[in-house]
Every structure is written in structure tokens, then in C-alpha cells.
Number of protein chains: 2
Amino acid sequence: MGTRWLDDDERDAWVRFIAVVERLPGVLDSQLRRDAGLTHYEYFVLAMLSEAPDRTLRMTALAARTNATLPRLSHVVSRMEERDLVRRSPCLQDRRAFNVTLTDTGWATLVDAAPGHVATVREHVIDPLSPAQVRELAGIADAMLRRLDPQGSATPPARAPRTGEPDGAGEPDGTGEPDGAGSTGSTAATGSAPGGR
Amino acid sequence: MGTRWLDDDERDAWVRFIAVVERLPGVLDSQLRRDAGLTHYEYFVLAMLSEAPDRTLRMTALAARTNATLPRLSHVVSRMEERDLVRRSPCLQDRRAFNVTLTDTGWATLVDAAPGHVATVREHVIDPLSPAQVRELAGIADAMLRRLDPQGSATPPARAPRTGEPDGAGEPDGTGEPDGAGSTGSTAATGSAPGGR
DNA sequence: AGCGGATAGTTGACGATACAACTATCACCC
DNA sequence: GGGTGATAGTTGTATCGTCAACTATCCGCT
């Protein structure tokens with residue numbers, strides 16, 4: 001069975017796409033590192049936590065939402081814990097598990113970093129595209145994700161919570177909102193994160 | 001001046017897109033590492049060289065085509081040289097510069113690796129898309145690339161050779177084709193590379 | 001000539017990631 | 001009620017990439 005090589009359209013799309021995939025992380029990392037002392041991955045961890053109920057997520061769930069492996073997340077969380085950006089606490093329901101919570105320092109760091117980061121994302125990704133292209137891109141990325149992430153663990157806030165529930169699933173505190181900053185703060189933190197709800 | 005946050009369409013596109021950007025390299029790397037003992041970046045270096053005239057490119061040109069920094073390329077080439085995949089030789093026209101040439105071993109390694117790699121690219125990137133989406137993707141990636149790489153150094157084979165000409169620009173040997181395998185081999189090597197000419 | 005700034009590339013140290021073990025707990029079930 | 005397999009997470013090592021010097025060469029100018 002011969003290999004199905006890429007035709008001209010396909011090769012053209014692939015070469016450009018892989019160039020973006022290779023170059024974009026470096027751009028995101030260096031802007032955040034320079035302006036906020038964070039890697040893009042660390043930023044994303046903060047953003048995901050900021051949108052979670054009670055600003056808390058289990059390691060496994062956080063790893064899935066941040067598109068990373070568990071060992072990688074574990075190392076990153078250890079370093080972030082030393083900088084007081086997040087805090088680990090044992091999960092009461094499952095003694096193998098840990099919850100990770102955003103600290104006030106982490107929240108402040110995120111709010112600080114968000115405008116510059118969003119500007120970078122706009123400059124390099126969103127603004128060069130027409131509104132129609134932005135919608136196309138969502139569809140295209142979604143199609144790829146179904147192969148790259150068959151469980152759909154990257155964006156679970158939309159569906160049934162199959163696994164990785166944070167501690168105390170039925171938390172008494174009904175306000176999903178973080179204290180203090182109100183909805184403005186939440187949007188700021190989001191920056192590059194899913195629309196939560 | 002307030003930050004322009006992302007609206008719903010934009011955030012949706014961004015979150016899915018960044019998930020692909022984060023996950024895809026790992027998938028490409030582990031397939032190639034498992035089946036051919038190469039990283040994706042090393043594969044790409046081999047592929048770019050295989051399409052260059054005389055299978056040779058200067059460091060700077062190769063770095064641009066492979067979307068990498070010069071220090072990174074330098075380290076990678078050193079390792080690949082030890083494995084006899086490529087060879088460095090001083091550039092006669094410019095004594096600061098070096099040419100990198102694909103060896104026969106490197107060519108064979110590339111030909112070996114190509115089918116599996118292309119299959120992976122198809123599975124995760126191309127085949128999930130409709131033909132129309134493939135064309136859309138080329139346009140979208142192109143628009144982003146104009147910001148990420150304003151000089152357009154990623155795909156220069158189409159335009160004027162502003163910099164980084166390989167040694168002996170007017171090489172006597174007129175056949176751009178590698179020896180042996182003919183056009184089939186060339187296509188195989190291409191795999192994930194630009195259509196050269 | 002020869003000086004100054006830019007370009008080509010290398011090197012070393014450090015930081016971060018992947019991968020493979022390993023521990024501890026859970027869930028099932030016979 | 002104890003064994004078995006799966007799950008949650010950590011840790012150590014080896015590798016890879018980035019960043020900041022540093023060397024060598026080239027180009028333009030006076």
C-alpha cells in the first residue's frame with residue numbers, strides 16, 4: 001500500500017501551518033517572560049484556575065485543560081507553589097488526588113499579565129484574520145482536536161463532568177465568582193481561556 | 001486605553017487553536033521518535049535539505065526555513081553530524097558561514113521516516129478537514145505568518161533570494177534532483193515540506 | 001589603510017520537558 | 001476481606017531549547 005502523499009493544496013496548508021505551530025509558542029513565551037515573568041504554560045495554568053469553581057482544580061483535570069502531561073504539570077505546579085502563585089491541598093474524597101488552588105498572589109499576577117498577553121494574541125493570531133476566518137479557524141481547530149484529543153478533555157466546561165471533579169462537588173458557596181474583582185476581573189483573567197460558562 | 005478582550009467567537013477560536021498548537025508537536029515527536037529515532041525538528045531539517053539545490057543550505061537559511069533560532073540549529077546540527085546525517089563545510093564565499101549538506105545516510109533516514117510521518121500528519125491535521133477547510137487553513141496560516149515572520153523567511157523558495165545563498169550559487173550540476181531515487185524519492189523526502197519548485 | 005558597526009555562527013550554563021520508574025490509593029469482585 | 005488491575009500523582013534522569021556572551025569575518029566610510 002503506497003503512502004498517500006500530500007497534494008499541492010495540502011502541502012501548502014501543512015507547511016504554513018507547521019511554521020505557525022513552531023513559531024507561535026516562542027512569541028507568546030518571550031512576551032510573557034519579559035513582561036510578567038511567566039511562561040505561556042504557567043499563564044495558562046493561572047487562567048484555567050481563575051475560571052474554575054472555587055479557583056480550584058484537581059491535577060488531572062488541570063493537566064487536561066492545559067493540554068499537558070501529568071509529570072509536566074507536577075513539576076510546574078511545584079515551581080509555582082514556591083513562588084506562591086498556587087497552593088496544593090490534599091483531596092478529601094480521594095486520598096490519591098490533590099487540588100490546586102489559585103492564591104491571591106497568583107490572581108494578581110494573572111490580572112497583571114493579561115492585557116499584554118491578549119494584545120500579543122490579537123496581534124499575531126486574531127487581528128490578521130477576518131471575522132469569517134476566525135469562525136473557520138474554530139471549526140478547523142475543532143476538527144483537529146477530535147483526533148488529537150478524542151476524549152475532548154481540553155474543553156470540558158461545556159459537558160458532563162465525567163472525571164476530575166474538584167473537591168466538594170456541591171460546594172455550599174453558590175457564587176462561582178471570585179471574590180473582589182467581580183466580573184471585570186474574571187474576564188481579564190480569562191484572556192486566552194475558554195468562556196467557562 | 002482599555003484592553004480589547006476577545007469576544008465569544010474569538011475566544012472560542014483561540015482556545016481551540018492553542019490546544020492544537022500545544023498538543024500537535026508532542027504527537028509528531030513521539031511518532032517519529034518511536035518509528036525513526038528522530039525528533040520532528042530533525043526530520044524537518046532533513047526534509048528542507050533534501051529539497052535544496054545540491055542538498056545544501058547555509059546555517060542561517062536553514063534556520064529560517066525550519067522556523068528556529070540559530071543557536072538551536074547549531075546544537076541540533078552538531079548532534080546530527082555525529083550521527084552522520086548531515087555534514088558541515090565552510091563556505092568559500094563567506095568565511096564566517098557554513099554550509100550544511102545532507103549525507104546519504106541522512107537521505108536514507110529521511111526516506112525511511114517519511115511514510116509514517118505523512119500518515120501521522122494526515123491522520124491528525126489534513127484528513128479531518130474538508131478540501132475547502134484545507135484551503136482556508138492555508139490562508140489563515142499565511143495571514144498569521146505575515147505577523148510572526150514579517151520577512152517571509154519561512155518559505156523563500158518562491159521569491160527573490162535576498163540572503164543566505166548556498167555555496168556556489170551557480171553550481172555546474174544542473175539537475176536539482178538527488179541521485180538515485182528520482183522524483184518519487186524527492187516527494188517522499190518532502191513529506192511535510194514545501195513544494196520546492 | 002583601518003576603524004566601527006553589523007552579520008554568521010558557536011559555546012556554555014541554565015531552565016524546562018519527556019520518559020520511565022515508583023508509591024499510594026481506589027474500585028471491583030469472588 | 002484480601003487480591004488484582006486501574007488510577008493519581010511524584011520523582012529522577014537524560015535531553016533539548018533559550019539566553020547571553022563571545023569569536024571571527026565582512027562591509028562601508030573616511
Side-chain angles (χ1 to χ4, degrees), chain A residues 22-34 37-45 57-64 66-83 86 88-100 151 153 162-167, chain B residues 22-34 37-45 57-64 66-83 86 88-100 151 153 162-167:
Chain A
E22 294 287 350
R23 287 173 189 257
L24 185 56
V27 170
L28 299 177
D29 273 335
S30 60
Q31 181 272 320
L32 278 168
R33 193 159 213 75
R34 174 168 47 81
L38 293 171
T39 64
H40 172 63
Y41 182 70
E42 289 168 341
Y43 178 91
F44 210 79
V45 167
L57 242 27
R58 279 176 42 177
M59 290 291 288
T60 299
L62 185 54
T66 57
N67 307 295
T69 59
L70 216 30
R72 177 183 183 187
L73 179 62
S74 181
H75 282 133
V76 170
V77 165
S78 295
R79 292 177 224 133
M80 292 176 79
E81 211 173 6
E82 280 170 10
R83 295 200 277 158
V86 300
R88 252 190 272 238
S89 55
C91 175
L92 303 177
Q93 281 75 29
D94 183 340
R95 275 183 300 184
R96 296 170 299 179
F98 279 86
N99 290 318
V100 186
Q151 335 303 326
S153 39
R162 186 167 302 285
T163 55
E165 292 258 274
D167 223 9
Chain B
E22 296 286 350
R23 287 173 190 257
L24 184 57
V27 170
L28 299 177
D29 273 336
S30 60
Q31 181 271 320
L32 277 169
R33 192 155 210 80
R34 174 167 48 80
L38 293 170
T39 64
H40 172 64
Y41 182 71
E42 290 168 338
Y43 178 92
F44 210 79
V45 167
L57 242 26
R58 278 178 41 179
M59 290 290 289
T60 299
L62 185 53
T66 57
N67 308 293
T69 60
L70 215 30
R72 177 183 183 188
L73 179 62
S74 182
H75 282 135
V76 170
V77 165
S78 296
R79 291 175 224 135
M80 292 176 79
E81 212 173 4
E82 280 170 11
R83 295 200 276 158
V86 299
R88 251 189 274 237
S89 55
C91 175
L92 304 176
Q93 281 76 30
D94 184 341
R95 275 183 301 185
R96 297 170 298 180
F98 279 87
N99 289 316
V100 186
Q151 334 303 325
S153 40
R162 186 167 302 283
T163 55
E165 291 259 271
D167 221 11

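Chain identifiers are assigned alphabetically (A, B, ...) following the order of the sequence lines, protein sequences preceding nucleic acid strands; residue numbering begins at 1 within each chain. Reckoned from all heavy atoms, side chains included, excluding hydrogens, waters and symmetry mates.
- One can place CE of Met80(A) at 11 Å from P of dA16(C), the figure rounded to the nearest angstrom.
- Between the side chain of Ser74(A) and the backbone N or O of Leu70(A), no donor-acceptor pair lies under 3.5 Å.
- Using a 4.0 Å heavy-atom criterion, one finds that Arg34(A) contacts no nucleic acid atom at all.
- Relative orientation of the His40(A) and Phe44(A) rings is tilted, given thresholds of 30° and 60° on the angle between their planes.
- Within the nucleic acid shown, Thr69(A) comes within 4.0 Å of sugar-phosphate atoms alone, with no base atom in reach, counting heavy atoms only.
- For the pair His75(B) NE2 and dT15(D) P, the interatomic distance rounds to 14 Å; values are reported in whole Å.
- One can place CG of Leu73(A) at 14 Å from P of dA16(C), the figure rounded to the nearest angstrom.
- Taking atom CG on Leu92(B) and atom P on dA8(C), their separation rounds to 17 Å, with Å as the unit.
- Within 4.0 Å of Arg33(B), counting heavy atoms only, lie sugar-phosphate atoms of the nucleic acid but no base atom.
- Across every non-hydrogen atom of Tyr41(A) and Ala68(A), the tightest pair is OH-CB, 3.2 Å.
- Dashed line: the shortest gap from a side-chain N or O of Arg88(A) to OP1 or OP2 of dG9(D) is not under 4.0 Å.
- Judged by distance alone, with hydrogens and angles left aside, Arg72(A) brings no side-chain donor or acceptor close enough to the base of dT17(C) to form a pair under 3.5 Å.
- Judged by closest nucleotide on DNA chain D, Phe98(A) is the one of Phe98(A) and Asp29(A) placed further toward the 5' end.
- The Pro71(A) side chain lies nearest to dC19(C) when the options are dA8(C), dC19(C), dA20(D).
- At whole-Å resolution of the value, CZ in Arg95(B) and C1' in dA8(C) are 14 Å apart.
- When rounded to the nearest whole Å, the span between CZ of Arg58(B) and P of dC26(D) equals 11 Å.
- Rounded to whole Å, atom P of dT25(D) lies 10 Å from atom CG of Asp94(B).
- For the pair Glu42(A) and Ser30(B), both in contact range of DNA chain C, the more 5′-proximal nearest nucleotide belongs to Glu42(A).
- Residue Arg96(A) places no side-chain N or O under 4.0 Å from the OP1 or OP2 atom of dC22(C).
- Note that CE of Met80(B) is 7.5 Å distant from OG1 of Thr39(B), once rounded to the nearest 0.5 Å.
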Steps toward side chain to side chain contact (heavy atoms under 4.5 Å, CB included) verdict (Glu42(A), Arg83(A)): CA-CA 12 Å; Glu42(A) 289 168 341; Arg83(A) 295 200 277 158; 3.1 Å; yes
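- The CG atom of Leu62(A) sits 13 Å away from the C1' atom of dG9(D) (whole-angstrom rounding).
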